[in-house]
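Just so you know, residue 1 is the first one in the sequence shown, and it goes up from there. Whatever order the structure lists ligands and atoms in, that order sets their numbers, starting from 1.
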Amino acid sequence: MSAEPATRRLAVLGQPIAHSRSPAMHNAALAELGMDGEWSYEAIEVGPDRFEQRVRAMPEEGFVGANVTVPHKGSALAVADSLSETAREIGAANTLSFDEGEVHAENTDAGGFLAALPESVSGARALVLGAGGAGRAVVWALVREGAEVGVWNRTALRSQHLCEELGGHPVAEPDPGAYELIVNTTTVGLEGEDPFSELPLRSAAFGSGQTVVDLVYGREPTALVEAAAAAGAAVIDGIEVLVQQGALSFQIWTGREPPLDAMRAAARA
Ligand code: ATR
């Protein structure tokens with residue numbers, strides 16, 4: 001009699017984590033490919049003081065990989081035994097893989113962001129708002145693709161440091177009408193904050209030649225996404241970027257082509 005194969009477990013680690021769309025999205029992908037008997041994906045709430053201990057215990061518990069989200073994307077680098085070049089350069093990781101007890105860290109936020117864009121950004125004038133972990137991944141990706149990147153941050157010193165490390169140039173008072181691509185990587189909008197009072201944006205400055213990306217997502221479209229769409233700009237919301245980064249993580253863990261439509265439908269349900 002052969003033993004039942006152990007379930008290959010996946011998870012997302014964060015705090016708070018209850019709102020995460022990742023379990024629904026990844027379990028839908030597993031079901032779509034008929035893998036849900038052998039694989040599962042769960043949410044694990046863990047705070048900063050327990051993060052390293054939690055990660056170290058995972059290989060023994062049957063985990064093959066994990067996504068890492070706020071506030072652990074920097075700590076994920078420190079815990080890892082090996083890093084991808086991308087994760088090292090960005091200085092943050094959102095994807096861990098466990099192999100014989102070793103922890104490998106990668107960053108799929110940058111690739112997921114690029115995959116969500118409708119067209120090449122080579123030569124495009126881009127404005128990135130924010131200089132946290134998400135901002136670093138976006139600036140890294142845009143600089144690498146040959147965009148001309150301006151970075152604004154509420155705390156100017158942080159955008160200066162980011163640009164010294166990753167490229168792009170800090171801008172203190174951007175003219176939002178002058179950019180073909182505008183990306184909000186700040187947390188403004190997460191709790192209903194008004195983007196037009198907190199960020200250097202005016203709804204009147206949006207227009208049909210622009211693409212506006214908001215990494216913030218919630219149950220409703222954000223005020224930024226609504227205003228940009230109403231002005232005729234192309235709009236990419238945070239769910240689409242979540243789906244694309246999740247798809248890249250899924251491919252790393254399973255080696256299978258991610259079923260994007262099933263993932264998108266589950267993330268939006
Ligand atoms: P993450 O890793 O998810 O990017 P983070 O490192 O906490 O998170 O970064 C949050 C970003 O949102 C920062 O750029 C932050 O600006 P500061 O560096 O000045 O703190 C930005 N942010 C948060 N609340 C903001 C607000 N009310 N107005 C403008 N920017 C804000």
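Every atom of ligand 1 with a heavy atom of Glu198 under 4.0 Å away is listed here by number and element: 26 (C), 27 (N), 28 (N), 29 (C). Those atoms of ligand 1 with a heavy atom of Ala131 less than 4.0 angstrom away are 14 (O). Remark: ligand 1 atoms within the under-4.0 Å shell around heavy atoms of Gly130 are 14 (O).
Heavy atoms of Glu193 stay at 4.0 angstrom or farther from ligand 1.
Remark: side-chain polar atoms of Glu180 are paired, donor with acceptor, to backbone N or O of Arg125 under 3.5 angstrom. Using modelled atom types, no side-chain atom of Gln251 and backbone atom of Leu248 make a donor-acceptor pair closer than 3.5 Å.
Distance from atom 16 (O) of ligand 1 to its nearest protein heavy atom, with residue and atom name: Asn153 OD1, 3.5 Å. Protein heavy atom in closest approach to atom 9 (O) of ligand 1: Gly132 CA, 3.6 Å. Among protein heavy atoms, the minimum distance from atom 3 (O) of ligand 1 is reached at Val70 CG2, 4.0 Å. Of the protein's non-hydrogen atoms, Arg154 NH2, 2.9 Å is the one closest to atom 20 (O) of ligand 1. Among all protein heavy atoms, the one lying closest to atom 2 (O) of ligand 1 is Gly133 N, 3.0 Å. For atom 13 (C) of ligand 1, the closest non-hydrogen atom on the protein side is Arg158 NH1, 3.5 Å. When hydrogens are left out, the protein atom nearest atom 17 (P) of ligand 1 is Thr155 OG1, 3.4 Å; that is the closest non-hydrogen contact.
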Checklist entry - Under the salt bridge (Lys or Arg N to Asp or Glu O under 4.0 Å) criterion, do Arg202 and Asp175 qualify, and how do the steps go? => result CA-CA 9 Å; Arg202 285 173 285 118; Asp175 168 9; 3.5 Å; yes
Next on the checklist: Set out, in order, the CA-CA distance, both residues' side-chain angles and the distance that settles side chain to side chain donor-acceptor pair (under 3.5 Å) for Ser82 and His104, then state yes or no.
Outcome noted: CA-CA 5 Å; Ser82 61; His104 179 66; 2.7 Å; yes
Item to check | side chain to side chain contact (heavy atoms under 4.5 Å, CB included) between Phe98 and Val55, intermediate numbers included | outcome: CA-CA 9 Å; Phe98 307 122; Val55 169; 4.0 Å; yes
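For Thr187, heavy-atom contacts with ligand 1 shorter than 4.0 Å involve the backbone as well as the side chain. Contact annotation: for Thr186 versus ligand 1, heavy atoms closer than 4.0 Å belong to both the backbone and the side chain.
Relative orientation of the His26 and Phe250 rings is parallel, given thresholds of 30° and 60° on the angle between their planes.
Side-chain contact annotation: Asp237 with Thr222, donor-acceptor N/O pair under 3.5 Å absent. Between the side chains of Asn67 and Ser249, at least one donor-acceptor pair of N or O atoms lies under 3.5 Å.
The number of heavy-atom neighbours closer than 6.0 Å to CZ of Arg56, taken from other residues, nucleotides and ligands shown, is above 12.
In this structure, atom 7 (O) of ligand 1 has its sub-4.0 angstrom surroundings free of protein heavy atoms.
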